[in-house]
Amino acid sequence: PLSLCIGGSIILLVYVLVSGVFLRAIPYDYDRYQSMQAPLAESASLFLGSPALIFLNESLKAFEETPVDIPYSLNIIGKVYVKRKDYRAALRYQQQAYAIARKLDARLDMARSQLALAETYDKKNDKINALTHYKQAEQLGIQIGAKNELKLAYEGLAKIYDGQKDYANAFNYQRLFTAIKDTLYN
């Protein structure tokens, strides 16, 4: 088990380092990189647990020179804590990600941080805060034309309103979700 953990940690470190170099070498395009970066959060949270957090925290130190990368790393760490059901720690990292993105006026990262906060509050069953953060993500998504973030916000809002039996709003957001999903995948 120790050698497996060490081997997995080394693979994660190489993955983080290579993806960091790769992301700096090619112009940033969220839709293009989303599929490449998603496995990092999943594998880190599901297979490596605490060692993954060590390396993710190290990635934050590596990104100190380019603060625009820090909100992304903080949100990934937050997702690891959500998988571990440590919602307090997740919210702390996600709020920090939002604060840094706001200071940098990085609206896309602000929207992503709002989505991460909304998803965490939703998993905590705090629907009021989840709704608030989904709406903030929606507003940011509209301002910058971030279709993927709008899709996620609309989907979350539809589910929250459905759970609250507010079927008029649930239907409206489901309709918006379907429409924007169709534009993304067609």
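- For Tyr121, the ring pair (Phe, Tyr, Trp, His ring centres under 6.0 Å) partners are His133, not counting sequence neighbours.
- Closest heavy-atom contact between Ala111 and Ala137: O-CB, 3.8 Å.
- Proximity of Asn172 to Arg175: side-chain heavy atoms (C-beta onward) are separated by under 4.5 Å at one or more points.
- Looking at every heavy atom in both residues, Asn169 comes nearest to Asp166 through ND2-OD2, 2.9 Å.
- Between Asp105 and Arg107 there is a salt bridge, since at least one side-chain N of the basic residue sits less than 4.0 Å from a carboxylate O of the acidic one.
- For the pair Asp109/Leu104, no side-chain contact is recorded, criterion being any heavy-atom separation below 4.5 Å from C-beta on.
- Counting heavy atoms from C-beta outward, Thr183 and Lys151 have side chains that stay 4.5 Å or more apart.
- Here the side chain of Asn75 pairs a donor or acceptor atom with the backbone of Pro71 at under 3.5 angstrom.
- Closest approach of Tyr161 and Ala170 over heavy atoms only: CB-N, 3.6 Å.
- Counting only heavy atoms from C-beta outward, the side chains of Ile160 and Tyr173 never approach each other to under 4.5 Å.
- Using a 4.5 Å heavy-atom cutoff, the side chains of Leu91 and Lys124 are in contact.
- With a 4.5 Å cut-off on side-chain heavy atoms, Glu138 and Leu157 count as touching.
- In this structure the side chain of Glu149 never reaches within 4.5 angstrom of the side chain of Leu140, judged on heavy atoms.
- By the 4.0 Å N-to-carboxylate-O rule, Lys159 lies too far from Asp162 to be salt-bridged with it.
- For the ring pair (Phe, Tyr, Trp, His ring centres under 6.0 Å) test, no residue two or more places apart in sequence or in another chain qualifies with Tyr87.
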Chi angles and distances behind the side chain to side chain contact (heavy atoms under 4.5 Å, CB included) call for Leu74, Gln94: CA-CA 6 Å; Leu74 289 168; Gln94 293 160 345; over 6 Å; no
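- The two residues Tyr134 and Leu152 make their nearest non-hydrogen contact at CE2-O, 4.0 Å.
- For the residue pair Ile180 and Tyr154, the shortest heavy atom distance occurs at CG2-CD1, 4.0 Å.
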